[in-house]
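Only one structure is covered here, and it is reproduced in the block below.
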Amino acid sequence: MYQAIIKEIPEQVRPLFNQGKVADYIPALGKVSPMKFAMAAKAVSGEIYYAGEVDEKFSLQSISKAFAMILAIRMLGDDLWQKVGRSLSARAFNSISQIEEYGGRPRNPFTNGGAIAIVDLLLTHDVHYLESLLILVRKLTGNRKIDYDRSVAKSEKEFGHRNAAIAYFLKSYGILKNQVEDVLDAYFVQCSLAMSCNDLSRSLLFLANRGVDPKNETVVLTPQQNRHLNALLMMFGTYDGAGDFVFRIGLPGKSGVGGGIAVIVPGKMVIAVWSPALDEFGTSVAGLKALEIFIEKGDLGIF
Ligand code: GLN
């Protein structure tokens with residue numbers, strides 16, 4: 001039944017492809033066609049349902065912050081919360097004023113400031129952080145070809161003045177330990193992770209299965225850590241768009257300005273969707289609609 005629902009979705013959301021805007025503040029992303037679409041749902045039981053270009057890679061951008069958090073939760077435990085809060089962000093993901101208002105402490109780990117602070121912590125604990133992240137992501141996807149897209153990272157760095165401002169601002173508050181340039185470089189490379197909807201839906205499946213990867217029974221997170229990460233994704237995964245996201249989708253999820261969204265359906269599946277044109281919160285317009293249709297018709301809500 002899920003396959004019958006999903007295969008109708010590209011046609012249903014096509015009128016929305018032109019309603020958002022591709023993220024051209026990162027020039028390498030601005031070149032991607034807004035007509036691209038893919039959706040893949042991987043079930044805990046092993047089935048996969050799909051529509052569109054599910055094997056085409058796209059830039060994960062902020063979805064990479066979810067993978068960074070897996071390492072941060074495992075490596076740092078509660079120490080993590082010394083540097084970032086667990087409060088809703090009522091401003092854009094790259095807001096600077098909000099950091100100042102909150103005394104220099106990023107409101108949560110998924111705003112750009114929060115994610116930059118997490119990268120700093122991870123670099124402090126592991127000089128090979130970017131390699132560790134790649135090993136984790138390759139293991140979770142089961143795809144050894146997953147890699148960073150250095151041309152996207154370079155493009156973002158060249159025009160990443162706002163993130164640089166955020167990082168220097170955090171440094172001035174004593175939030176960052178490492179050199180600002182090193183933290184920024186690692187953050188841009190992390191955001192450049194590229195994978196397909198197929199890969200993405202597989203990689204986060206443990207989040208729908210109490211922290212255990214159902215493909216090989218590996219414990220990725222403990223049940224408590226898993227509950228925490230799902231809660232963080234639900235509350236903060238779409239920034240100041242979270243109110244609308246939780247109202248329409250009602251599940252933990254993470255967006256990225258590459259146009260991808262990953263959604264966790266506890267106990268059942270992970271849905272990954274990709275459509276590059278974004279709304280004002282940096283969330284894919286057609287992707288969000290596609291998720292709403294699939295969850296509604298598939299009766300996948302948890303409430
Ligand atoms: N790399 C992007 C940035 O820092 C990620 C933002 C996003 O995907 N929301 O601006």
Side-chain angles (χ1 to χ4, degrees), residues 20-32 57-69 84 88-99 106-120 122 130 133 137 148-170 176 180-195 197 200 204 232-233 235-242 244-245 253-263 272-285 287-288:
K21 197 170 162 293
V22 176
D24 54 7
Y25 77 96
I26 302 174
L29 296 184
K31 292 186 210 141
V32 182
K57 283 191 206 164
F58 59 92
S59 190
L60 281 195
Q61 292 302 315
S62 284
I63 303 176
S64 68
K65 296 171 183 171
F67 293 103
M69 274 303 281
V84 295
L88 289 166
S89 57
R91 300 269 168 77
F93 59 83
N94 55 6
S95 165
I96 296 176
S97 63
Q98 182 168 259
I99 300 174
R107 284 188 80 87
N108 67 63
F110 293 136
T111 62
N112 282 13
I116 289 168
I118 300 288
V119 169
D120 178 70
L122 287 164
L130 287 173
L133 183 68
V137 171
Y148 302 114
D149 183 334
R150 301 273 170 178
S151 64
V152 171
K154 187 165 168 274
S155 173
E156 180 163 11
K157 183 180 166 148
E158 235 171 274
F159 295 87
H161 308 115
R162 199 175 176 89
N163 281 325
I166 290 173
Y168 279 103
F169 205 41
L170 292 177
L176 305 187
V180 171
E181 289 302 314
D182 295 342
V183 180
L184 274 174
D185 280 348
Y187 172 75
F188 292 139
V189 173
Q190 173 197 296
C191 286
S192 81
L193 256 180
M195 66 174 76
C197 276
L200 183 58
L204 294 178
L232 297 171
L233 288 168
M235 290 185 295
F236 314 130
T238 42
Y239 321 105
D240 48 337
D244 182 54
F245 185 84
K254 187 74 206 81
S255 60
V257 295
I261 313 174
V263 162
V273 66
W274 173 50
S275 169
L278 311 173
D279 65 15
E280 73 267 37
F281 305 115
T283 306
S284 167
V285 176
L288 198 53

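Atoms within each ligand, like the ligands themselves, are counted from 1 in listed order.
Considering all non-hydrogen atoms of both residues, Leu233 and Ala66 come closest at CD2-CB, 4.2 Å. Of all heavy-atom pairs between Thr111 and Pro106, the closest is OG1-CB, 4.2 Å. In terms of heavy atoms, Asp279 sits closest to Val285 at N-CG2, 3.5 Å. Closest non-hydrogen pair, Ala68 versus Leu133, comes out as N-CD1, 4.0 Å.
A donor-acceptor contact shorter than 3.5 Å is absent between the side chain of Tyr239 and the backbone of Gly282. Not one N or O on the side chain of Ser89 forms a donor-acceptor pair closer than 3.5 Å with the backbone of Arg107.
Each of the following atoms of ligand 1 lies closer than 4.0 Å to a heavy atom of Tyr25: 2 (C), 3 (C), 6 (C), 10 (O). Each of the atoms 7 (C), 9 (N) of ligand 1 lies under 4.0 Å from some heavy atom of Tyr239. Close approach of ligand 1 to Gln61 (heavy-atom distance below 4.0 Å) involves ligand atoms 1 (N), 2 (C), 5 (C), 8 (O). Taking a cut-off of under 4.0 Å to the non-hydrogen atoms of Gly256, the atoms of ligand 1 that pass are 8 (O).
With a heavy-atom cut-off of 4.0 Å, Cys191 touches ligand 1 through its side chain alone. Of all the heavy atoms of Phe188, none lies under 4.0 Å from any atom of ligand 1, so neither backbone nor side chain is involved. The side chain of Asn112, and not its backbone, has at least one atom closer than 4.0 Å to an atom of ligand 1 (non-hydrogen atoms only; side chain from C-beta on). Contacts between Asn163 and ligand 1 below 4.0 angstrom, taking non-hydrogen atoms only, involve the side chain exclusively.
With sequence neighbours excluded, the residues that form a side-chain contact (heavy atoms from CB on, under 4.5 Å) with Asp244 are Arg248, Leu288. For Ala23, the side-chain contact (heavy atoms from CB on, under 4.5 Å) test picks out Tyr25, Leu29, Val257, Leu278, with sequence neighbours left out.
Residues Asn163 and Asn112 have side chains that bring a donor and an acceptor to within less than 3.5 angstrom of each other.
In terms of protein heavy-atom proximity, atom 3 (C) of ligand 1 is closest to Glu156 OE2, 3.1 Å. Scanning the protein for heavy atoms near atom 5 (C) of ligand 1, the closest one is Ser62 OG, 3.2 Å.
Every N/O-N/O distance between Lys65 and ligand 1 stays at or above 3.5 Å. Remark: ligand 1 and Val257 share an N or O pair separated by less than 3.5 Å (distance only, no angle test). An N or O contact shorter than 3.5 Å is missing between Ser255 and ligand 1 by distance.
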